[in-house]
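Chain identifiers are assigned alphabetically (A, B, ...) following the order of the sequence lines, protein sequences preceding nucleic acid strands; residue numbering begins at 1 within each chain.
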Number of protein chains: 4
Amino acid sequence: MRGAILAAARSEFAARGLKGARVQAIAERAGCNKQLLYYYFGSKDGLYRAALESVYADIRAQEQGLELGGLPPADAMAALVGFSFDYLAAHPEFIGLLNHENALGAPHVRASRAVRETNSPLVDLIASTLRRGVADGLFRSGVDPVALYISIAGMAYFFFSNRRTLEAVFARDLSASGAVAGYRRHVVALAMAGLLRCGKGR
Amino acid sequence: MRGAILAAARSEFAARGLKGARVQAIAERAGCNKQLLYYYFGSKDGLYRAALESVYADIRAQEQGLELGGLPPADAMAALVGFSFDYLAAHPEFIGLLNHENALGAPHVRASRAVRETNSPLVDLIASTLRRGVADGLFRSGVDPVALYISIAGMAYFFFSNRRTLEAVFARDLSASGAVAGYRRHVVALAMAGLLRCGKGR
Amino acid sequence: MRGAILAAARSEFAARGLKGARVQAIAERAGCNKQLLYYYFGSKDGLYRAALESVYADIRAQEQGLELGGLPPADAMAALVGFSFDYLAAHPEFIGLLNHENALGAPHVRASRAVRETNSPLVDLIASTLRRGVADGLFRSGVDPVALYISIAGMAYFFFSNRRTLEAVFARDLSASGAVAGYRRHVVALAMAGLLRCGKGR
Amino acid sequence: MRGAILAAARSEFAARGLKGARVQAIAERAGCNKQLLYYYFGSKDGLYRAALESVYADIRAQEQGLELGGLPPADAMAALVGFSFDYLAAHPEFIGLLNHENALGAPHVRASRAVRETNSPLVDLIASTLRRGVADGLFRSGVDPVALYISIAGMAYFFFSNRRTLEAVFARDLSASGAVAGYRRHVVALAMAGLLRCGKGR
DNA sequence: AATGAATGAGAGTTCATTCAT
DNA sequence: TATGAATGAACTCTCATTCAT
């Protein structure tokens, strides 16, 4: 039951934010009554924090499953870009929660030790892959791994996060599987071309 | 007074979204009382729509001011990337409004003819610049202008939109002017390197 | 214009009562703006009083037009009953205004000299007709003219005033002209039979 | 508590109508806070419907308690007229609710199955009593029972419903117990005389 | 673990009315 | 005579939360 409440909370908070979400709606989705949420999580805010931590825990688990050390740097980097894209494609709730949390100024993420420690493994992975690629004479040097992570994630994140307005202003269906796949190729190509030294790897 | 209300609404809706924003707070910021909002805009929703259209009208005006036709393709493209970045840096309200609108599924943007017709000029500019660059043998061919716009905008948008959580998980200050300038250089470099054919333009 | 406002006010107050009526709606019906109502009538309440007095003035004028002195008592009485019925049939606004005024405890009617003096002519007419009929041996004696007026008016008033609920609970259309005419015959017959001494007049 | 709210609602809606009634006032009369009304009845409108149905249920119950089958037709009819009068005398809330409901066009009564089925027993009682009286040669024939019900009820209803304006225009106290009793006698006499064939029953 | 009853705080909206022109 | 701008006062309704069971 606790798990069901948490899952319902993730959806509801992702869709409507902390204040916009309705305790009643979460209870209904979870198939229980409101008071049980208080029994388990103390308050709406407590439930929100738990939901937020649970999505960060999930992405951390997935990232730690990545085994790219054995791959050549270019393949490893392409896999990383693809993973970032695919994870966001598969987890719209993660995007919704982050957007609302950022709108609030991210106080809960700041306050949560568990969350703060989440993304480091991915940046480490990027840093080491970059180093290997530079050492091989394959990648441009001087690329900041954090900046690279942000730009790679941003290309995918913005596509999914702002899909509805983009569809409206460009009069394009960006939800069709073909459109998503096409954009994924574009992102991987742009990122790889942006990293590779000329004359190499193509 | 009407203008003051609209400006206050832009801030408040950007910060808290349609439901989260308080009519009272908007009135206070505008220096009038709540009822005047209803007098001018009919409802909270009507005011929200007006605020949304006003920010789109603003960005359209700025984009139409861009005169890149006379520049060489590479310079034009670099200017475009820079403009996208700088506009978002200067207009956090635009980001806030868009995020909340997307969280709702973008019904107001869909419904607004004025907004739907907004972004085309920029994509046309990208498309013609790309064509010129490809004709010069400078840019890779086969790049979709809409995808390119989304990826360029996304790199900047995500940085500003998710700055707070990124600061928390990477334990970095991304708000310092140096950090912003550094990331801007990264984005321009990555985008240009991603577009140029090798051996050209560098 | 003043007349148009008054007519609009009669409809609106009849339909919704003093508090339920909207100043804005009255102005729209009259084809002017709200502020003009204040210019002419000072306040919503002042307009209400004017509307109330105008309908009472109208019914008084109509009643005073009745010339029944020359008719035989039975004919005169039948004409009176018919007139009461027909007036209410033709003036639903009168009914609406009276209902709402009574719901308030009739403070405006009490306060208005003009209104207080309205109905006397009709009761005088009833009283004299009754007297003549009793003198002729035609009518029962001992009938109170005020009570008679109330019962005669009530039979018609209730029919028109409560028509909608009566239609619902009796599943009958009471608005068709046949239904109204049938009920009118019933009322006249019942009243006349109730007044006549037996063996007389039939 | 639910019952207390319903009773308070009956008074308040009867006195001021659906829109005129104040939720706050109902709550105060019931001795609870506003929100509890919403908890039990969902909305002001829902509470209004419940109040309306409860008064109809009450009058139905009272009517069904009438046992007139064993009385001679004239006595039965006189009892019926008296009952109608006395019920209205004792239940001013019923009158207030009906007046306001009719002013709205009776949408709630129309929509409520429970209410629509209410009044039939009384009309059946009138119809059978009329038949018995006609068969005995006592009553006039050709009297429509529904019309008879409306006229009988109307004589009483109008007296109570419009008492305040009648008092004002006739400068009479119609609220004194003597006045009410006198009018009651008048109504019973007029109705019975209106029904009886001449030479019978007197 | 689960639920009906109850409440304080606050939100959006409506409306009569006034003022300046 | 006519109108745009502005406001105080209320009103309905929603919501997170608590308590007793």
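No salt bridge links A:Glu12 with A:Arg22; every basic N to acidic carboxylate O contact stays at or beyond 4.0 Å. Using a 4.0 Å cut-off between a side-chain N of Lys or Arg and a carboxylate O of Asp or Glu, B:Glu167 and B:Arg163 do not qualify as a salt bridge.
Residues C:Tyr56 and C:Phe94 place their aromatic rings such that the two centres sit under 6.0 Å apart. Taking the six-membered ring for Trp and the full ring otherwise, the centers of D:His100 and D:Phe13 sit at least 6.0 Å from each other.
Rounded to an integer number of Å, the gap from A:Glu28 CD to F:dC15 P is 11 Å. One atom, CG of A:Asn33, and another, C1' of F:dT21, lie 13 Å apart when rounded to the nearest Å. The nearest whole Å value for the distance from the CD atom in D:Gln35 to the C1' atom in E:dA11 is 13 Å. Atom CD1 in C:Ile26 sits about 11 Å away from atom P in E:dT17, given to the nearest Å. As rounded to whole Å, 13 Å separates atom P of E:dG4 from atom CG of A:Leu36. One interatomic measurement links the two molecules: CD1 of D:Ile5 to C1' of E:dA5, which rounds to 11 Å at whole-angstrom precision. Residue D:Arg22 contributes atom CZ, which lies 15 Å from atom P of E:dT14 at whole-angstrom precision. Rounded to whole Å, the distance from CZ on B:Arg16 to P on E:dA11 is 11 Å.
As judged by a 4.0 angstrom heavy-atom cut-off over every strand, A:Ala21 is placed among residues touching the sugar-phosphate backbone only.
Judged by Watson-Crick or G-U wobble contacts below 3.5 Å, the nucleotide E:dA1 has no partner. Of all nucleotides present, only F:dA9 satisfies the Watson-Crick or G-U wobble test against E:dT14, with each distance under 3.5 Å. Summarising the base pairing, E:dA6 is matched to F:dT17 through a Watson-Crick or G-U wobble pair whose two defining distances lie under 3.5 Å.
With the nearest nucleotide of DNA chain E identified for both A:Gly31 and C:Ser43, A:Gly31 has the one nearer the 5' end. Along DNA chain F, the nucleotide nearest to B:Tyr40 and the one nearest to D:Asp45 differ in position, and the one closer to the 5' end is contacted by B:Tyr40. Nearest-nucleotide mapping onto DNA chain E: of D:Met1 and C:Lys19, the residue sitting toward the 5' end is D:Met1.
The base of E:dA5 is paired with the side chain of D:Tyr39 by a donor and an acceptor separated by under 3.5 Å. Side-chain N/O atoms of C:Lys34 and base N/O atoms of E:dT17 include a donor-acceptor pair closer than 3.5 Å.
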request  = Check the pair C:Thr165, D:Glu101 against side chain to side chain donor-acceptor pair (under 3.5 Å), reporting the backbone distance first and the verdict last.
outcome  = CA-CA 8 Å; C:Thr165 49; D:Glu101 173 69 1; over 6 Å; no
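You'll find that the side chain of D:Lys44 is closest to F:dC13, out of E:dA5, F:dC13, F:dC15.
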